[in-house]
Each structure stands twice: as C-alpha cells, then as structure tokens.
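This report concerns only the one structure given below.
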Amino acid sequence: MTGTTQPGLPRRHIRRAVVTGSAGFIGSHLARALLEQGTTVIGVDRRDENSDQSAAANLAPLIGQPGFVPVTADLLTCALEPVLLDADVVFHLAGMPGVRPSWGPQFSTYVQCNILATQRVMDAATRLGVPRVVVASSSSVYGLTKAGASLETDHLHPASPYAVTKLAEEQLCLAHAARPDCHTTVLALRYFTVYGPRQRADMFIHRALYAAFSGTPLRVYGDGNQRRDFTYIDDAVSATLAAATASDDTGVVNVGGGTNASLAEVIQLAEQLTGRTVSVEYFTTRNGDVPVTRADSSRALTHLDWKPRVDLAAGMGAQLQHIARRTARQAA
Ligand code: NAD
Ligand code: UGA
C-alpha cells in the first residue's frame, strides 16, 4: 500500500453505498452510521425481519429510515448489477462467520458465502466500475502467531476452515483489483473479534455478559487463558467508514481494538459490571481456536487515520445495558 489519508481533512461524502450483510451484527451498525451521515444505503441480506429474530433486532433501527433500501436476496443467486449500479462504494460484509462450526458439513456454506458469493460481488462491482470495495476479512487469517502483534505483511497460517475461506475471500478481492482492466480499488479489513450491542449470540463476550446477567452457566473452551484483541463495534464501524474514503489504494489493514484481554479477564469484568458471580464450566479446546490474536495497528493509523477509542470495560458496559434493555422488553 502506498497512499495515506491526511489527518484532519474532512472525509469525502459517500452519496450511495451498498452494504451486504446489512441484517447482520456489523453490517447493521455500519448501515446505521451511513444513514446518519446522509448516505443512501442499499442493504442486501438473505435474512430479513420475518426470517429470524436476530435479523429483526439488527434491522429494527434501519427499517423505515429515509435513505434505507432493504433488499432481501442471496448474493449467490440474485441479479447483482441492479443492486450495485451507481454505488460509490460496496461494503461487502455478508458472509458466514464463526471459527468453530466451520469444520464438518457446514464447510460448503462457508465456501458458498465467503468465496463464491464474493466472486459474484467482485465480478459485478468491477464490471460496473464501482470505485471502491471494502471487504470484511478476519484476524483468523493469521492463525497461530509468534509472540507480538500481527502485521499485515506477516506469513499467514490460517488454522480453521473458516479462516481459509476468509483468506481466499480477501485475496480474491485483491486479485480482481490487480487486474489491469480493473478500476475498482479494494480495502480488506482484518477485523479482530468485534463486540458491542447486538453482538452475535455465539460469541464469547455476549455469552459471558448474558451468563452474568441471567445466572446461567458459561461454557469456556480450554483454560480461559486465550487472548483476543477485542474491538468495539463503533470503532470497527469508524475504521470501515474511513476505508471507504481513504486515498486511492488497495491492500489489507488490521482493525484491532487495542485492548488485549484473556477470557478470564472478560469474565472478571462481566462479574464487576453486574455484581454477580459467573458459574463457569470448562470444556476441551475447540479445533481451530488460536491461543492469541493481537493486532499491530500502525497501518490503520497511517492509511486510515484511525485508532480504536473504546476500551473493554466501557464497551462491555454498553453491551450489558443493551442486553438488560432487550431482556426487559422481552419480559414486557
Ligand atoms: P453476521 O452473521 O451477524 O452477519 C453476516 C450477514 O451476512 C448475515 O446477516 C447473513 O444473513 C448475511 N449473509 C451471509 N451469506 C449471505 C449471502 N450468500 N447472501 C446474502 N447475505 C448473506 O456476522 P458479523 O459478525 O456481522 O460479521 C460480518 C462479517 O465480518 C463477516 O464476513 C465475518 O466473517 C466478518 N468478521 C466478523 C468478525 C466479528 O468479530 N464479528 C471478525 C472478523 C471478521
Ligand atoms: C470471532 C468471530 O466469531 C469470527 O467470525 C471472526 O472472524 C473472528 O472473531 C476474528 O477476529 O477474525 P473468535 O475470536 O473465535 O471469532 O471469537 P469468539 O467466538 O467470541 O470466541 C473467543 C474465544 O472464546 C474463543 O477462544 C472461543 O473458543 C471462546 N468461547 C467462545 C468460549 O470459550 N465459549 C463460548 O461459548 C464461546
């Protein structure tokens, strides 16, 4: 990568954006932030508010907002050109997430959603000459790492089928961008374990907070000493917005939250925030789980003029409030 954004300059306005995965955790927050800055958002997802509860909760802040155009469609089969036409940027966040379920029969869904659908999105975006695609990659592409923070230039050792599909996804996007006839630039963001309100229910921080809040047991895979560079959702969204307007460039950028913590420390925080003890049940380490992720964030600072702002205690506090509000609404 060669270009940089200039700190202090206002970000360019995004007139029209496509967000794939808009009924998902990160996509719905991103769509909301884009609407707030006056962007027309074409939100594409194969789930809608009628098809499952988490999609309904994610879409609730978006449906009916001026400028939000929901499209319920599967990227594997739908006509993409009408959806992508005239977009300034495509945020390609749709995908099959989750490290541990990617072994076994679900692998074909990972291949379909993370690789085959991405090929269709890139094919259409480059044909239409969409100026910028921002694609969701993953810290999991680093796999087993040596001590220290992971740099975008490090050798990659993906340790799960999911991680292999995310690496294929980002490299596929970069391969399109490198074609001599391609006028689309691509930024692949390697998000590090994102958390915050509406986090996916399979993820650890949600489960730890819910266990503390509700008094139900928490399952820990392994000894609880594995560490993650947890990234608050608002930080992930601001990095993603910055990637849309960073000066013409193609490449990968780490998006890491800056607070590296173990699962044991997350449990402790959940206990402090709720004033309750979590009952923990230990299970064997899951295949593909890595002991540590840690982001080197210097490229994000130089290329996106971005650094994380929300620390783990504040972020988990906001997520806990959300869980409490949602539970109260459901009880009512
Ligand atoms: P999510 O499951 O909440 O959202 C993904 C959305 O994509 C879902 O709503 C799903 O219906 C949609 N989708 C999947 N395949 C589709 C298809 N073929 N056509 C249309 N829609 C489709 O997941 P998330 O946590 O918001 O993650 C978003 C993206 O970020 C994913 O690509 C994931 O791999 C990546 N990522 C997430 C994290 C994290 O910590 N959450 C970290 C690194 C990377
Ligand atoms: C998360 C997302 O789920 C992936 O989609 C994403 O690509 C990845 O972050 C990333 O950073 O790239 P992961 O780090 O495994 O993956 O995040 P969690 O699902 O929150 O798990 C964190 C740790 O908690 C793992 O070691 C996991 O085994 C453990 N865990 C999770 C438990 O011990 N118990 C649970 O109930 C859930």
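In each ligand, atom 1 is the first atom listed, and ligand 1 is the first ligand listed. This is a predicted model, so every value here is computed, not measured.
- Neither the backbone nor the side chain of Ser139 has any atom closer than 4.0 Å to an atom of ligand 1 (non-hydrogen atoms only).
- Of the protein's non-hydrogen atoms, Tyr221 N, 2.8 Å is the one closest to atom 33 (O) of ligand 2.
- Side-chain atoms of Glu152 come within 3.5 Å of backbone atoms of Asn254 as a donor-acceptor pair (strictly under, hydrogens ignored).
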Does the side chain to side chain contact (heavy atoms under 4.5 Å, CB included) test come out yes or no for Cys173 and Thr118, once each step is laid out?
-> CA-CA 8 Å; Cys173 293; Thr118 299; 3.5 Å; yes
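- Only the side chain of Tyr162 comes within contact range of ligand 1, with a heavy atom under 4.0 Å; no backbone atom does.
- Contacts of Lys166 with ligand 1, taken as heavy-atom pairs under 4.0 Å, involve the side chain alone.
- Closest protein heavy atom to atom 9 (O) of ligand 1: Asp45 OD2, 2.7 Å.
- At a heavy-atom cutoff of 4.0 Å, ligand 1 is contacted by no atom of Ser22, backbone or side chain.
- Contacts with ligand 2 closer than 4.0 Å are made by side-chain heavy atoms of Asp289 only, the backbone lying farther away.
- Geometrically, ligand 2 and Gly98 share a nitrogen or oxygen pair separated by less than 3.5 Å.
- Between Val194 and ligand 1, at least one N/O pair is under 3.5 Å apart.
- In terms of protein heavy-atom proximity, atom 1 (P) of ligand 1 is nearest to Arg200 CD, 3.7 Å.
- Under 4.0 angstrom from ligand 2, the non-hydrogen atoms of Leu263 all belong to its side chain.
- Taking any N or O of Tyr162, backbone or side chain, at least one lies under 3.5 Å from an N or O belonging to ligand 2.
- Looking at Leu75 next to ligand 1, an N or O pair under 3.5 Å apart turns up.
- Residue Gln226 has at least one N or O atom closer than 3.5 Å to an N or O atom of ligand 2.
- For Arg228, every heavy-atom contact with ligand 2 shorter than 4.0 Å involves the side chain, none the backbone.
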